[in-house]
2 protein chains.
Amino acid sequence: MSGSRATLAQVAARAGVSVSTASLAFSGSGPVSAATRERVLAAAEQLRYAGPDPRGRSLRQGRSGIIAVVMEDRVLAAFRDPVRIAVLDGIAQETSAQGQGLLLLSDVGESADAIGTATMDAAILLAFSSRSDPTVELLRRRVVPLVALGGPDHGLLTISIDDEAASAAAAAHLAGLGHTDVAIVTLPLVNVDSPAARGPLTADAMRAASVTVSLTRLRGARSVFPAAAGWVSAASSVDEGMIAGQALLADPARRPTAVIAQSDLLAAGVIRAAHELGLSVPGELSVIGFDGIPLDRIIPQDLTTMVQPAAAEGRAAGRAVLDLLAGTQPRSASFQCTFHPGATTARPA
Amino acid sequence: MSGSRATLAQVAARAGVSVSTASLAFSGSGPVSAATRERVLAAAEQLRYAGPDPRGRSLRQGRSGIIAVVMEDRVLAAFRDPVRIAVLDGIAQETSAQGQGLLLLSDVGESADAIGTATMDAAILLAFSSRSDPTVELLRRRVVPLVALGGPDHGLLTISIDDEAASAAAAAHLAGLGHTDVAIVTLPLVNVDSPAARGPLTADAMRAASVTVSLTRLRGARSVFPAAAGWVSAASSVDEGMIAGQALLADPARRPTAVIAQSDLLAAGVIRAAHELGLSVPGELSVIGFDGIPLDRIIPQDLTTMVQPAAAEGRAAGRAVLDLLAGTQPRSASFQCTFHPGATTARPA
DNA sequence: CTGTTAGCGCATTCAT
DNA sequence: ATGAATGCGCTAACAG
């Protein structure tokens with residue numbers, strides 16, 4: 001694209017036809033005789049013309065074939081989360097089947113500048129928190145069709161999972177087993193560029209919270225265990241889960257009989273911590289996770305968890321964006337999780 | 001971008017200035033009086049103008065602010081590999097700091113169409129095999145500045161790691177401990193859209209191989225253990241490593257004393273398999289990996305491995321691309337791995 | 001079937 | 001400090 005490039009006009013001149021005819025020969029969207037098409041293609045070959053320049057084409061057509069995916073984290077943080085990867089893959093399945101490219105944009109630091117200036121036909125907002133309201137406003141102004149995947153209600157077309165119901169179901173499972181003393185390990189409550197806030201779940205922490213998914217799942221769990229103690233982790237990882245587990249389980253006097261973790265990785269960490277403390281799972285501690293990702297045997301048991309249809313969500317978001325671009329009016333959709341009865345929950349001792 | 005949008009001309013008209021003046025007011029790259037700038041911005045505000053349309057701008061400037069990252073796998077496969085994620089994050093660190101967006105493109109199936117038609121200022125080819133020669137040729141024709149990250153020699157500017165030397169070093173480490181009966185577990189030899197080829201490393205398999213990294217690492221290991229038996233895995237994962245481990249270790253009569261795995265995930269799987277067979281590591285079997293990724297305690301021990309500076313590679317590739325766009329001439333670079341002495345290798349029994 | 005005309009939205013000369 | 005003119009490369013109406 002930089003450097004010198006043949007243009008359609010040059011190709012047309014060489015083939016002895018008009019530019020518009022040459023254009024038709026490439027797009028195939030009009031009546032061109034086989035002979036002329038041949039001539040045009042031959043001329044292109046001689047000039048090493050690689051096809052119409054996307055820039056001219058997209059200005060003319062008002063379409064670029066680019067769909068943006070906007071995240072609040074930098075790439076590394078986002079893609080360390082297996083659920084996000086599955087969602088992104090779902091999106092890519094749909095969009096790339098239509099020859100659309102995915103533009104990865106991050107709403108952090110200077111990277112966010114690109115959101116205001118990058119070419120895009122539409123955007124998918126991935127797991128936004130309320131922190132990003134200004135970004136949503138900017139994209140709205142740019143009249144970019146938007147699809148939200150998870151996140152707070154911006155009045156946008158939204159693809160989501162019923163986090164609250166699923167969390168409530170997880171809690172109800174424990175309640176049904178007879179647990180009454182339950183602790184909750186949450187995902188981060190604030191976003192990446194805020195000072196990391198790992199620690200006990202306090203009223204202050206709740207007030208400062210901006211991450212929708214964490215709050216919604218918390219609400220679901222609290223609907224069953226209103227007084228449950230909580231621990232806020234700084235990321236969704238095994239290590240963070242272990243820290244949470246240590247904090248919640250170390251003191252035998254204040255030890256819950258069950259833990260609800262807001263992700264499988266956190267749950268795995270809690271189980272690890274329990275083992276290190278000499279607690280058997282589920283004999284002395286029940287643990288339920290959230291996500292249903294392959295844990296690659298980080299823990300020996302099969303984790304009891306709420307399975308989230310991440311790839312399906314991604315595909316739905318991808319389809320919604322394509323529908324938006326096609327002019328049809330897709331509808332918001334909410335997916336349900338399914339309970340996976342693993343081997344990490346049991347009746348309290 | 002779709003739907004109706006105010007244009008710079010409308011803003012200019014409303015502000016009572018010429019289009020060119022309005023343009024200057026936005027770009028800030030020319031002399032405009034503070035008063036007129038105010039008027040222009042006010043007019044923009046009234047019309048809810050969100051700034052210059054990227055399409056017009058990129059046609060005019062010949063720049064789009066988009067850097068493509070082209071991979072041979074679909075998103076899911078690519079991002080299941082922690083090294084790839086780290087590399088991508090390194091790229092993003094550099095490019096997004098310059099406000100450039102990353103366009104994710106896949107050289108598989110219909111998704112590949114976008115490679116010929118998508119807007120991009122430059123492209124980074126991520127871990128290409130020789131299979132993708134036609135794609136390289138296409139991008140060359142499009143006169144897109146290219147940077148290869150790993151992969152075969154296309155005569156392109158290439159950022160790589162010295163796989164062969166690192167593999168040789170890993171092998172030498174085992175040789176130094178006294179091992180002579182060593183087996184090698186390789187990464188896939190053929191690409192995703194070829195029929196998956198898991199199984200013993202045969203001459204036939206070698207002939208059909210197209211994945212550079214696997215072959216290069218193999219060459220390094222074989223430089224120390226020319227006759228080493230091998231197993232080709234179908235992916236870089238713990239599960240594949242376990243399958244390899246089962247295959248290589250099940251028969252006590254033909255059991256090696258050490259295994260060189262071409263990735264840490266494969267190494268972890270081999271160790272898992274060893275444990276299942278009742279073999280102690282490193283007592284009865286030494287295992288060395290490759291990558292130096294955080295294993296999140298998939299195995300109990302600290303893995304002995306060759307640590308690859310993945311993020312640094314990514315940053316180097318990102319910088320190279322930016323340099324290319326800036327007109328300076330970056331040079332190819334090769335990174336060295338560092339040996340990490342973990343707890344999974346020892347003298348043979 | 002092919003050519004002519006027009007303009008997508010903008011940044012950049014060059015005048016003034 | 002501002003404005004007028006030009007064209008980036010292409011496709012879509014329309015006319016022939």
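So that the names make sense, note that chain A is the first sequence line, chain B the second, and so on, each numbered from 1.
The side chain of B:Leu59 approaches D:dC8 more closely than any other nucleotide in the set C:dC10, D:dC8, D:dA1. Checking C:dT12, C:dG3, C:dA11 against the side-chain heavy atoms of A:Thr21 singles out C:dG3 as nearest. Among C:dC8, C:dT2, D:dC10, the nucleotide with an atom closest to any side-chain atom of A:Thr36 is C:dT2. Comparing D:dC10, C:dG9, C:dT12 against the side chain of A:Asp53 picks out D:dC10 as the nearest.
Rounding to the nearest 0.5 Å places CD1 of A:Ile91 at 10.5 Å from CZ of A:Arg84.
Taking only side-chain nitrogens and oxygens, B:Arg57 never comes nearer than 4.0 Å to OP1 or OP2 of C:dG9. For C:dG9, the OP1/OP2 oxygens have no side-chain nitrogen or oxygen of B:Tyr49 closer than 4.0 Å. Considering only side-chain N and O atoms, A:Arg55 lies nowhere under 4.0 angstrom from the phosphate OP1 or OP2 of D:dG9. Listed pair B:Ser33 / D:dT2 meets the phosphate criterion, a side-chain N or O lying under 4.0 Å from OP1 or OP2. Listed pair A:Gln61 / D:dA12 meets the phosphate criterion, a side-chain N or O lying under 4.0 Å from OP1 or OP2.
One atom, CG of A:Leu24, and another, C1' of C:dC1, lie 10 Å apart when rounded to the nearest Å. Atom CZ of B:Arg142 and atom C1' of D:dG9 are 13 Å apart (whole Å). Note: CD (B:Glu38) to P (D:dA1) measures 15 Å, nearest angstrom.
Each of B:Arg60 and A:Val32 lies near DNA chain C, and the nucleotide nearest A:Val32 is the one positioned closer to the 5' end.
Counting any heavy atom pair closer than 4.0 Å across all strands shown, B:Ser23 reaches a base atom. Within the nucleic acid shown, A:Phe26 has no heavy atom closer than 4.0 Å to any nucleic acid atom. B:Val19 comes within 4.0 angstrom of nothing in the nucleic acid, heavy atoms only. Here B:Pro52 lies in heavy-atom contact (under 4.0 Å) with sugar-phosphate atoms only. Residue B:Leu8 is in sugar-phosphate contact alone, with no base atom involved, counting any heavy-atom pair closer than 4.0 Å across all strands shown. Among the atoms of the strands shown, base atoms are found under 4.0 Å from some heavy atom of B:Ser20. When heavy atoms are screened at a 4.0 angstrom cut-off, A:Ser58 is found touching no nucleic acid atom at all.
A donor-acceptor pair shorter than 3.5 Å can be found between the side chains of A:Ser111 and B:Ser96.
B:Asp121 contributes a side-chain N or O that, together with a main-chain N or O of B:Gly65, makes up a donor-acceptor pair within less than 3.5 Å.
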Legend entry - side chain to side chain contact (heavy atoms under 4.5 Å, CB included) assessment of B:Leu59 paired with B:Arg55: CA-CA 6 Å; B:Leu59 176 57; B:Arg55 283 180 289 246; over 6 Å; no
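For B:Glu45 and B:Arg14, the salt-bridge test fails: no basic side-chain N is under 4.0 Å from an acidic carboxylate O.
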